[in-house]
Amino acid sequence: EFLDNILRPTQANLFGESMAMIEPKIIYRNLKVPMLILDPISDQDIFPYESENRQLKNQHPTLITHKIYENTGHNIHYEKPDMFVKDLGTFLQTVKNQ
């Protein structure tokens, strides 16, 4: 099933297809709830989507919070646990206050 997601995404289920064909502007075009994007960036980044995430934030400026984690790998919560907890807590408080 995982290989179908990667090699034949249009034949996979919708969730599998969305993982392989990462198109946030399509997936989130009708966004109506707050969203937190935690964006790790580094020289060895295997998912370099900073500019796409920034564009998505610009598309939904009142709904999306975009946090960039410099020099961080994919496992933000292990590499930068204090920042992760702070950013998540701030986001959750914002959602609670709405």
Side-chain angles (χ1 to χ4, degrees):
E1 187 174 306
F2 181 73
L3 285 177
D4 279 343
N5 290 349
I6 302 303
L7 301 175
R8 294 172 286 283
T10 58
Q11 295 175 16
N13 62 36
L14 190 56
F15 178 71
E17 181 178 349
S18 72
M19 287 189 326
M21 301 175 70
I22 300 172
E23 289 291 344
K25 65 183 178 228
I26 295 170
I27 296 168
Y28 298 112
R29 67 184 174 265
N30 298 317
L31 186 68
K32 294 184 179 19
V33 297
M35 182 167 87
L36 174 62
I37 299 175
L38 302 175
D39 201 355
I41 58 173
S42 68
D43 292 340
Q44 293 82 29
D45 194 349
I46 59 172
F47 300 109
Y49 296 113
E50 183 183 357
S51 64
E52 289 87 348
N53 289 334
R54 189 177 306 111
Q55 289 171 6
L56 187 61
K57 161 72 174 158
N58 291 339
Q59 187 178 345
H60 303 282
T62 61
L63 292 175
I64 295 178
T65 301
H66 181 206
K67 294 293 187 173
I68 295 174
Y69 289 70
E70 300 273 351
N71 302 311
T72 307
H74 189 69
N75 292 311
I76 293 171
H77 55 295
Y78 289 122
E79 292 184 42
K80 306 260 173 96
D82 294 337
M83 284 179 64
F84 172 78
V85 169
K86 178 183 173 285
D87 290 341
L88 186 59
T90 301
F91 175 75
L92 291 174
Q93 189 61 48
T94 301
V95 170
K96 183 178 176 182
N97 291 337
Q98 288 186 353

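Predicted, not measured: the structure shown is a model, and the values here were computed from it.
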Distance (rounded to the nearest 0.5 Å) between [X] [atom1] and [Y] [atom2]:
| X | Y | atom1 | atom2 | result |
| --- | --- | --- | --- | --- |
| Ile64 | Leu56 | CD1 | CG | 3.5 Å |
| Arg29 | Leu31 | CZ | CG | 12.0 Å |
| Ile37 | Arg54 | CD1 | CZ | 11.0 Å |

Tell me whether [Y] is reachable from [X] by hopping between hydrophobic residues (I, L, V, M, F, W, Y) whose side-chain heavy atoms are closer than 4.5 Å.
| X | Y | result |
| --- | --- | --- |
| Leu88 | Ile76 | yes |
| Ile68 | Val85 | no |
| Tyr69 | Phe91 | yes |
| Leu92 | Leu38 | yes |

Self-check item: Atom of Asp45, atom of Pro40 and distance for their closest heavy-atom approach
Solution: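 Distance-wise, the nearest heavy atoms are OD2-O, 3.1 Å.
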Exercise. Please name the pair of heavy atoms, one in Pro34 and one in Val95, separated by the smallest distance, quoted to 0.1 Å.
Key: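 That would be CB-CG2, 3.8 Å.
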Quiz item: Is there side-chain contact between Thr65 and Met35, with heavy atoms separated by less than 4.5 Å?
Solution: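 They are not in side-chain contact.
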Quiz item: Do Leu63 and Tyr28 have side chains that get closer than 4.5 Å, going by heavy atoms?
Solution: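 Leu63 does not reach Tyr28 side chain to side chain.
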Practice problem: Check whether more than 12 heavy atoms from other residues, nucleotides or ligands sit under 6.0 Å from atom NZ of Lys67, and answer yes or no. | Solution: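 Not more than 12 within 6.0 Å, no.
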Quiz item: Counting only heavy atoms not in His74, do more than 12 fall under 6.0 Å of its NE2?
Solution: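 At most 12 heavy atoms, drawn from other residues, nucleotides or ligands, come within 6.0 Å of this atom.
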Exercise. Measure from the side-chain N and O atoms of Glu50 to the backbone N and O of Asp39, and report whether any donor-acceptor pair falls under 3.5 Å.
Key: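 Absent.
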